[in-house]
Amino acid sequence: MSKKILIVEDNPQNMRLIEMALSAEQHTLLEAANGEEAFEVAKKERPDLIIMDIQLPKMSGLEVTRKLREIREFSRTPIIAITAYAMRGDEEKALDVGCNAYLSKPIQARDPPNLIAKMWLQRQEEGKG
Ligand code: MN
């Protein structure tokens, strides 16, 4: 079933890689290139899942996630963090603020589809569709 996925990434190459990785599925892909935009697009579009880079201009992915989790509609939206190898500790911080999982850079083309499939499955088992 087609879902709405918001990809938050300020690096155009990574954005393109993730979009290509997800292009085989019939999902609607939305983009945001900084934290403020991510927050606005999320509130407006209510995506089914968010892929969230942590290192972002204007507002970090951690801050965006923290703010979204304060909003009732986003209390259970799956959020997958993208963490950089150079920023060790980001994985733990991402989970602490409410991300459900993380992808570590460099991202491999097969990583996003695999992880997203796993998240849908998890949601189904929880009875959330
Ligand atoms: Mn970044």
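Counting convention: from 1, in listed order, for ligands and their atoms alike.
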- Donor-acceptor pair, R69 side chain versus F74 backbone, under 3.5 Å? yes
- Task: Could you tell me whether R76 and E126 make a salt bridge, using a distance below 4.0 angstrom between a side-chain N and a carboxylate O?
- Result: yes
- Residues E63 and R66 bridged, charged N to O under 4.0 Å: yes
- Task: Please find the N/O/S atom of D53 nearest to the Mn ion (ligand 1) and write down its name.
- Result: OD2
- To the Mn ion (ligand 1), the closest N, O or S atom belonging to D10 is OD1
- Task: Could you tell me whether any N, O or S atom belonging to E9 is less than 2.8 Å from the Mn ion (ligand 1)?
- Result: no
- Task: State, without any angle test, whether Q55 and D10 hold a side-chain donor-acceptor pair at a distance under 3.5 Å.
- Result: no
- Measure from the Mn ion (ligand 1) to each N, O or S atom of N11 and report whether any distance is below 2.8 Å. no
